[in-house]
Structures are given as structure tokens and as C-alpha cells.
Amino acid sequence: MARKDLLDIASLHREEIEFLLDQSTSFKKLFTHSVKKIPALEGKSVLMLFYEASTRTHSSFEVAAKRLSAEVTNFDVAHSSITKGESVRETIETLQAMRTDYIVVRHSHPGLPGMIARQTTASVINAGDGAHEHPTQALLDAFTIKEKFPDPRGKKVLIIGDILHSRVARSTSTLLQKLGIEVAYLGPGSLVPKYVPASIRRFTDYEAAMAWAPDVVYLLRVQLERQDVQFFPSVREYHRVYGITTARLAEIRDRGLYIMHPGPVNRGVELCDAVMDYERSLITNQVENGISIRMAVLDWLTPGGEFPRQESTYAARQRANSSVIVP
């Protein structure tokens, strides 16, 4: 069953997640073999509505939409009527008159993409709402892990850092558990929520967390811009206690662990410079996989309502023409 919107991970069924991951594999095969553009969304329009600054997510969605042959419009919030006091609802009413098919939304207020979705027939994709959700980041994280572990059930992922303010931690941990992956959190007591799901281990000591024997170490960016009080003594102290130092990287290399980070990276805070050259760093893979995941999501969603659809429109068309893109 296709959906009109993608607002969170919790509401996705395992079958839907597996479908999107499979479609992402197909799309990645296309654009890594010189097929840079396909007509899947030809004639459709995608509106980029970013109230918060973004580089990776914004550019990834834009590239994904253009590779599907959609028209992309970037809504310049800084120079819009919003600066004159126009409400989000008034903005959406204006944009709805433009008959856009997809709206990709990033906003600092949790739940705002859902509010927009209820006011428009366009398919709304949550590209990050405050410290709440970031569903496409979770999907690309899962896709990246599955490339290394085709059957990820029973694997362990240790998420380190600012869990309290992280929409990535919430979305990614929820999705990984749906795939049978064990998840644990590590961070200062002030940055790890006191109440976490019983299925997630909670560590405040690095050595104890590593004794849990993770397969993947996932570093989160310390979000200083979301911290209205000081949650740890200093950046240097944070790096010493919770970061991947040169010495810890050597241990990680000896154990053959993978390293991930959603970006942007704070070098010398979450990790040392040498991590970027580590042979099992998946940070660049995550960036590349963001494009194929977002292509899959855009192709899967159905603007205007929810209708049964067993596979993507483009995949079905290709099957009919005996040109299979879905294995």
C-alpha cells in the first residue's frame, strides 16, 4: 500500500521498509551505472520548503527529484512573506494554489510536517522536524547497514552522543529495531533521555558500551544550537570521554567495527580527523545512499490520496517493457 505522506518511522510497517530498501538498491544500480535520469516523475513538481538550514538533506532530495525527472522549486523562506508575519498555513494555501505534487519540509517545530500534510493534497515528506523525526535519514542508515549485513537481524548498533536533541537517534533506532537490529545509547547522563524504550540499552560509560560488542558505532553530532544550557564541561572533555579518539580508532580498527555519522561532522568533538580515512567508515556511503533512498520515497508516495500499489509506477512500467529494475 503506497502512502500519501512520509512523516515518521513508527507508522511504517516492516514490509514497507523492506520495499523501500529494495527499491533503493534498484535506483542505486541505475545511477551508479551511468543512467543519471529516468522519467519516473516526469511532469511532477517537488517543492523544497526548508525553514532550517540544510546542506546534505536538501541537496540529496533535490538531486533525487531531478534524477526522477521532476521539476524542483526551492522556496526561499528568508525572502518570503513569512518574514512579514505570514503563517505557515497561509504559506501552504498559497503554495497549494501552485498545484505542487510533493512538499519536502524541514522545520524546527515537531509535528509541523504533519499539520501541513493535513492541509494539502500534495505528498508531504518530513525532512526533519525539531528533535522529533527524520525518516529518510533512518531509511538511508538502514540501507547503508544492510549493504554490509544483508541479513542484519541480531547485529548491534551503538549510537553515541547527543541523544536528547537528536531526531536521527529517534528515527534510526526505531527503524533498526523493526529490522531486528539491537540498539544501545551512549552519552553523558545529561544528553541521554532518562526514559528510553526498554528494548534499548542505556550506557554512560564508553568501556561498558564497547563490552556490549557492537558491530556498528554510530556517532551523532553534538547539537550545540539546540542546547539552551551547558550539558557537559567542555568540547575537549566531551571528545576525551565520548568521542572516537586516535587510540579508540585503533581499537575499533582491530575489532573490525563500522563507523557512521549523519553529518555534518564536528571534527575533534565526535571523532578525530583520522576517522574520515578509516577503511570501515561508512560516512561517505551514507551521503551517496541518501539519493537512492529519497528517489525510492518520492517514487513510492502517491499525491492526492492513498491508493493500492504493489510496486513503484516506474518499476511496473519497466516490468511491462521487460526492462527489469527491481531484482
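Quick caveat, the model's predicted, so the values are computed rather than measured.
When hydrophobic clusters are built by joining Ile, Leu, Val, Met, Phe, Trp and Tyr residues whose side-chain heavy atoms come closer than 4.5 Å, directly or via intermediates, Val287 is not grouped with Leu140. Note on Leu20 and Val63: same hydrophobic cluster, where clusters join Ile, Leu, Val, Met, Phe, Trp and Tyr whose side-chain heavy atoms are under 4.5 Å apart, directly or indirectly.
Remark: side-chain polar atoms of Asp8 are paired, donor with acceptor, to backbone N or O of Ser11 under 3.5 angstrom. Between the His261 side chain and the Gly263 main chain, a donor and an acceptor come within less than 3.5 Å of each other. With hydrogens and angles disregarded, a donor-acceptor distance shorter than 3.5 Å links the side chain of Arg167 to the backbone of Gly130. A distance-only check finds no donor-acceptor pair linking the side chain of Glu288 to the backbone of Asn285 [under 3.5 Å]. Between the side chain of Ser54 and the backbone N or O of Phe50, no donor-acceptor pair lies under 3.5 Å. Judged purely by atom type and a 3.5 angstrom limit, Ser171 has no side-chain atom pairing as donor or acceptor with the backbone of Glu133. For Lys156 (side chain) and Trp212 (main-chain N/O), a donor-acceptor pair under 3.5 Å exists by modelled atom type. The closest donor-acceptor contact from the side chain of Arg170 to the backbone of Ala131 lies under 3.5 Å.
Looking at every heavy atom in both residues, Gly161 comes nearest to Pro188 through O-CD, 4.4 Å. A pairwise comparison of heavy atoms in His239 and Cys272 identifies CE1-N, 3.8 Å as the closest pair. For Phe31 against Ser292, the heavy-atom pair with the smallest separation is CE2-CB, 3.6 Å. Looking at every heavy atom in both residues, Ala127 comes nearest to Val104 through CB-CG1, 3.7 Å. Nearest heavy atom pair, residue Ser190 against residue Leu164, reads O-CD2, 3.6 Å. Between Ile9 and Pro135 the shortest heavy-atom distance is CD1-O, 3.6 Å.
Two residues are said to be in side-chain contact when any heavy atoms from C-beta on lie closer than 4.5 Å; Leu7 and Pro113 meet this criterion. Inter-residue side-chain proximity for Leu41 and Tyr102 is flagged as met; some heavy-atom pair is nearer than 4.5 Å. Contact annotation: the side chain of Thr55 never approaches that of Pro264 to less than 4.5 Å [non-hydrogen atoms, C-beta and beyond]. Considering only heavy atoms from C-beta on, Tyr206 comes within 4.5 Å of Leu186 through its side chain. By the 4.5 Å heavy-atom criterion applied to side chains, Gln177 and Ser199 are counted as neighbours. Within the 4.5 Å cutoff, the side chain of Met210 has heavy atoms near those of the Leu257 side chain. When side chains are defined from C-beta on, Ser69 counts as touching Lys37, because their heavy atoms get closer than 4.5 Å. Between Leu249 and Ile259, the closest side-chain pair of non-hydrogen atoms falls below 4.5 Å.
In this structure, CD on Glu270 lies 9.5 Å from CG on Asp162, to the nearest 0.5 angstrom. Atom-to-atom distance recorded for Thr136:OG1 and Asn289:CG is 12.5 Å, nearest 0.5 angstrom. In this structure, CZ on Arg3 lies 13.0 Å from CD1 on Ile125, to the nearest 0.5 angstrom. Atom OG1 of Thr245 and atom OH of Tyr242 lie 14.0 Å apart (nearest 0.5 Å). A distance of 10.5 Å separates CG in Asp299 from OG in Ser26, rounded to the nearest 0.5 Å. The CD1 atom of Ile293 lies 10.0 Å from the CZ atom of Phe61; values are rounded to the nearest 0.5 Å.
Glu147 has a carboxylate O that lies under 4.0 Å from a charged side-chain N of Lys28, or vice versa, which qualifies the two as a salt bridge. Salt bridge status for Lys66 with Glu71: absent, with no side-chain N to carboxylate O gap under 4.0 Å. Using a cutoff of 4.0 Å between basic side-chain nitrogens and carboxylate oxygens, Glu42 and Arg67 are not scored as salt-bridged. Between Arg248 and Glu251, no side-chain nitrogen of the basic residue sits less than 4.0 Å from a carboxylate oxygen of the acidic one, so the salt-bridge criterion is not met. Salt-bridge check for Lys178 with Glu18: failed, with every basic side-chain N at 4.0 Å or more from each acidic carboxylate O.
Note: Tyr258 and Phe149 have perpendicular aromatic rings, judged against thresholds of 30 and 60 degrees for the angle between ring planes.
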Legend entry - Worked verdict on Thr73 versus Thr100 for side-chain contact (heavy atoms from CB on, under 4.5 Å): CA-CA 9 Å; Thr73 300; Thr100 189; over 6 Å; no
Inset, instruction - Start with the C-alpha distance between Leu176 and Thr172, add both sets of side-chain angles, then the distance that settles side-chain contact (heavy atoms from CB on, under 4.5 Å), and finish with yes or no. - result: CA-CA 6 Å; Leu176 295 184; Thr172 295; 3.7 Å; yes
Legend entry - Candidate pair Lys148 and Arg280, rule side-chain contact (heavy atoms from CB on, under 4.5 Å), full reasoning: CA-CA 10 Å; Lys148 301 302 178 182; Arg280 290 203 168 200; over 6 Å; no
Inset, instruction - Start with the C-alpha gap between Val157 and Glu182, add the side-chain angles, then the distance that decides, and say whether side-chain contact (heavy atoms from CB on, under 4.5 Å) holds. - result: CA-CA 6 Å; Val157 175; Glu182 296 182 47; over 6 Å; no
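In the displayed structure, Lys44 atom NZ is contacted under 6.0 Å by at most 12 heavy atoms of other residues, nucleotides or ligands.
Stacking of Arg202 on the aromatic ring of Tyr185 is not recorded, the 6.0 Å distance cut-off and the 45° axial limit not both being met. The cationic atom of Arg253 (NZ for Lys, CZ for Arg) does not lie both less than 6.0 Å from the six-membered ring centre of Tyr278 and within 45° of the ring axis.
Asn126 pairs by the side chain to side chain donor-acceptor pair (under 3.5 Å) definition with Asp129, not counting sequence neighbours. In this structure, Arg267 has no side chain to side chain donor-acceptor pair (under 3.5 Å) partners at least two apart in sequence or on a different chain.
Remark: the Gln137 side chain and the Thr57 side chain contain no N/O donor-acceptor pair separated by less than 3.5 Å. Ser123 and Asp5 share no side-chain donor-acceptor pair at under 3.5 Å. The closest side-chain donor-acceptor pair between Thr144 and Asp141, if any, does not fall under 3.5 angstrom.
Screening His58, His134, Glu52 for a side-chain hydrogen bond (donor to acceptor under 3.5 Å, both in side chains) with Arg106, the sole residue that qualifies is His134.
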